[in-house]
2 protein chains.
Amino acid sequence: MAARKKPPANPRKLPEQDRSRATVEAIVDAAARVLVKHGYDAFTTNRVAEKAGVSVGSLYQYFPNKDALLSELMRRHVEEIERGVEGMAELARTAPLAEVIRVGIEQNAQAHFIDPALHRVLSEQVPRLGQLDWMTGFTARMDARVREMLEARRAEIVVQDIDLAVYIITRTVEAVVHNAVCERPKDLASGALAEEVTRMLVGFLTGKAVPVKKTLRAAAE
Amino acid sequence: MAARKKPPANPRKLPEQDRSRATVEAIVDAAARVLVKHGYDAFTTNRVAEKAGVSVGSLYQYFPNKDALLSELMRRHVEEIERGVEGMAELARTAPLAEVIRVGIEQNAQAHFIDPALHRVLSEQVPRLGQLDWMTGFTARMDARVREMLEARRAEIVVQDIDLAVYIITRTVEAVVHNAVCERPKDLASGALAEEVTRMLVGFLTGKAVPVKKTLRAAAE
DNA sequence: TTGTAAAGTGAGCTATTGCTCATGTTATAC
DNA sequence: GTATAACATGAGCAATAGCTCACTTTACAA
C-alpha cells in the first residue's frame with residue numbers, strides 16, 4: 001500500500017509489439033475476472049498479474065499504478081455500453097416518442113446485462129476514482145443525445161425547462177433500471193417495468209394522460 | 001490490515017458507566033469528522049481514536065472491528081433521516097395526493113441536508129458493507145409507508161401493480177434527489193425539481209394529465 | 001479500606017500490498 | 001553475428017493499517 005497517495009502517474013510504455021499487446025489484454029482480462037470472482041478486496045496487483053500469467057513487473061510497465069488499471073477496465077466497460085446505444089440514433093428520428101423511450105430503457109437494461117457481475121462490482125464495491133476524465137465525457141454525450149431527441153419533438157412536449165427534464169429522465173432511468181437488475185429481475189425481463197416507466201416519462205413530457213395497458217405483456221421468449 | 005478477512009465479530013463490551021458512553025460518543029463523532037474532512041482513505045482506526053482523544057484500545061473495546069464502527073456511524077445517520085420523515089404520517093391521510101408526494105420529495109431532500117458532507121462521503125466513498133442487517137429494515141419500512149399511502153388512495157390510482165409502483169417511486173425520488181444535491185442544487189432549492197417530479201409521479205399514479213404550472217415558483221428564502 | 005470490575009492506554013506485532021529494480025530473455029536493425 | 005531496444009521476471013523493500021495485550025487508572029460496592 002505504498003504509493004496510493006503519491007501517484008507517479010508516469011505515462012508508461014505503450015505496447016508496440018504483438019507480444020506486449022497480448023500481455024496488456026491478458027492483464028485487463030484478469031483484472032475483470034479477479035474483480036468478478038473475488039471482489040474488490042482481492043483486487044491486488046500481484047493477484048491480477050498472477051491470474052494473467054505475467055509478472056507484476058509487466059503490469060507496471062503498462063499501468064503506472066493500480067488505479068490506472070482500474071480506470072482502464074472501467075473505460076472499456078463503459079465503451080461497450082455506449083456501443084450498445086449507438087443504434088438508437090435513427091430510431092429516435094422515426095419512431096413515436098413512447099417507442100423511443102421504451103427502447104431507450106430497454107437498451108439501458110441490455111447494457112446492464114453485458115457483464116452484469118462486473119457491472120455490479122464496479123458500481124458497488126469500487127471506490128470512486130474521483131471524476132475520471134473520460135467519465136464526464138460519457139454522461140455528457142448521453143445527456144446530449146436525450147436532449148436532441150427532446151428538442152426535435154418540442155411540439156409534443158409541454159415541459160418548460162428541457163435541461164431539467166433531461167436530467168430527471170436520465171437519472172430516473174439509470175437508477176430504476178440499475179437497481180431493478182438485482183432487485184426486480186422479473187419485472188425487468190417481462191417488460192412490465194419498462195412499460196410503466198415509459199408511461200410515466202411520456203406523461204411527464206407530453207402532459208397528457210397515457211392509457212394503462214390492461215393486458216400486461218407476457219414475458220418475451 | 002490484519003484481520004480484514006477474519007472478523008472476530010465479538011460482541012464487544014457495552015458501555016455501562018457514563019464515562020464510557022461519552023467515550024463511545026466521542027469515537028463516533030470523531031469517525032464522522034475524519035470521514036468528512038479527509039475522506040475514506042484517511043479513515044483509520046488509529047486516526048479516529050486520536051481525533052476522539054482516546055486510545056485505539058478503547059475504540060476496540062466497543063467496536064469489534066473497523067467495519068462495525070462504520071456500520072454504527074451509518075446506522076445513526078439513517079436513523080436521523082428516518083426521524084425527519086416521521087411527521088409525514090398524518091399529512092399522508094389528510095392532504096391531496098400531489099401534496100403528499102411533493103412533501104415527501106422535499107422531506108427526502110431535507111434528509112440530504114442534515115449532514116450533506118457526511119451523506120456524500122458515506123454514499124460515494126465508503127465500500128458497500130454487504131447488506132447491513134439494519135439497512136434492509138430501513139428500506140422495508142420506507143417502502144411500507146409509501147405502500148400504505150397508495151393503498152389508502154386506491155380510488156384515485158390507475159396503477160395495476162402497486163408493489164411495482166412503490167418500487168419505481170421510491171427509487172426515482174431517492175436517485176433524483178440524491179444526485180441533484182450535488183449536481184443541481186439550484187433546482188432543488190427553488191422547488192422546480194420537486195415540482196416537476198411531483199407532476200411526473202402524480203400523472204403516473206392517477207393516469208391523468210397534471211397541468212404544468214406556468215409560473216415557476218421563485219427560489220424561497 | 002480494600003477488593004473487583006469497568007474503563008483506558010499505546011507500543012508494537014502481524015500481515016498485507018503497492019510498487020521497484022537488477023537482471024534475464026526475445027525480437028528487430030544493420 | 002552483434003548491438004540495441006522492447007519485453008518480461010520476481011524477490012523483496014517500504015509503508016501502512018488493523019488489531020492485540022500486558023498493564024495502569026478510575027469507579028463503585030462492601
Side-chain angles (χ1 to χ4, degrees), chain A residues 1-27 30-31 34-35 38-73 126-127 129, chain B residues 1-28 30-31 34-35 38-72 126-127 129:
Chain A
M1 200 173 283
R4 199 79 199 282
K5 315 240 78 170
K6 52 169 171 73
N10 297 333
R12 289 290 152 103
K13 200 184 298 179
L14 283 179
E16 298 188 358
Q17 303 175 6
D18 280 354
R19 181 167 49 134
S20 54
R21 268 188 288 271
T23 299
V24 171
E25 293 311 300
I27 291 169
V34 168
L35 265 182
H38 307 281
Y40 184 73
D41 280 354
F43 184 74
T44 69
T45 51
N46 282 295
R47 185 158 193 163
V48 169
E50 192 197 342
K51 286 287 172 189
V54 301
S55 70
V56 233
S58 289
L59 191 156
Y60 280 95
Q61 230 160 80
Y62 303 104
F63 300 96
N65 53 49
K66 188 185 179 179
D67 284 353
L69 172 55
L70 206 48
S71 174
E72 172 63 14
L73 187 65
V126 170
L129 259 32
Chain B
M1 202 171 281
R4 201 79 199 282
K5 314 240 80 170
K6 52 169 172 71
N10 298 333
R12 289 291 152 101
K13 201 182 296 180
L14 283 178
E16 298 187 358
Q17 303 175 7
D18 280 354
R19 181 167 48 131
S20 55
R21 269 187 288 271
T23 299
V24 171
E25 293 311 300
I27 291 169
V28 177
V34 168
L35 265 181
H38 307 281
Y40 183 73
D41 280 354
F43 184 73
T44 70
T45 51
N46 283 295
R47 186 159 193 162
V48 169
E50 191 196 344
K51 286 286 171 189
V54 301
S55 70
V56 232
S58 290
L59 191 156
Y60 280 94
Q61 235 163 70
Y62 304 104
F63 301 96
N65 52 49
K66 188 186 180 179
D67 284 353
L69 172 55
L70 206 50
S71 174
E72 172 64 13
V126 170
L129 258 33

message = With a 3.5 Å cut-off and heavy atoms only, can you find an N or O donor on one side and an acceptor on the other between the side chain of B:Gln61 and the base of C:dA6?
response = no
inquiry  = Checking contacts here: which listed nucleotide (D:dC19, C:dA6, D:dA8) is nearest the side-chain heavy atoms of B:Arg19?
reply    = C:dA6
query = Within this structure, what is the NZ-to-C1' distance between A:Lys66 and C:dT16, rounded to whole angstrom?
reply = 11 Å
key: Gap between atoms CD and C1', on B:Glu50 and D:dG18 respectively (whole Å)   = 16 Å
message = Nearest to the A:Gln17 side chain among C:dA11, D:dA6, D:dT26, which nucleotide is it?
response = D:dA6
ask   = Checking only heavy atoms, does the side chain of B:Asn46 share a donor-acceptor pair with the base of D:dC19 at less than 3.5 Å?
value = yes
message = How many whole angstroms separate atom CG of A:Leu70 from atom P of C:dC19?
response = 12 Å
remark   = When rounded to whole Å, the CG to P distance for the pair B:Asp41 and D:dA17 reads 9 Å
Distance below 4.0 Å between B:Thr23 side-chain N/O and C:dG8 OP1 or OP2 = yes
note = In this structure, CG of A:Leu73 is separated from CD1 of A:Ile27 (nearest 0.5 Å) by 12.0 Å
ask   = Which pair of non-hydrogen atoms, one from B:Leu69 and one from B:Leu59, has the smallest distance, and what is that distance?
value = CD2-CD1, 4.2 Å
task = Would you mind reading off the distance between B:Leu69 atom CG and D:dC19 atom C1', rounded to a whole angstrom?
result = 14 Å
ask   = Where the side chain of A:Val54 is concerned, which of D:dT9, C:dG10, C:dT20 is the nearest nucleotide?
value = D:dT9
message = With a 4.0 Å cutoff (strictly under), does any side-chain N or O of B:Ser55 reach OP1 or OP2 of C:dT9?
response = yes
note = Rounded to the nearest 0.5 angstrom, the CG-CG distance for A:Leu70 and A:Asn65 is 10.0 Å
note = Rounded to whole Å, the CG-P distance (B:Asp18 to D:dT26) equals 17 Å
ask   = Can you tell me how far P of C:dC19 sits from CZ of A:Phe43, to the nearest Å?
value = 11 Å
task = For A:Thr45 and for A:Gly57, find the nucleotide of DNA chain C with the closest heavy atom, then tell me which residue's nucleotide is more 5'.
result = A:Thr45
task = May I have the distance from B:Leu59 (atom CG) to C:dA7 (atom P), rounded to whole angstrom?
result = 15 Å
ask   = Would you say B:Thr44 reaches D:dA17's phosphate, i.e. side-chain N/O to OP1/OP2 under 4.0 Å?
value = no
query = If every non-hydrogen atom of A:Ser58 is compared with every non-hydrogen atom of A:Thr23, which pair is closest and at what distance?
reply = CB-CG2, 4.4 Å
ask   = Between atom CG of B:Asp18 and atom CD of B:Glu25, what is the distance when rounded to the nearest 0.5 Å?
value = 11.0 Å
message = Base, sugar-phosphate or nothing for A:Ser58? Non-hydrogen atoms, less than 4.0 Å.
response = base
key: Side-chain N or O of B:Tyr60 closer than 4.0 Å to phosphate OP1/OP2 of C:dG10   = no
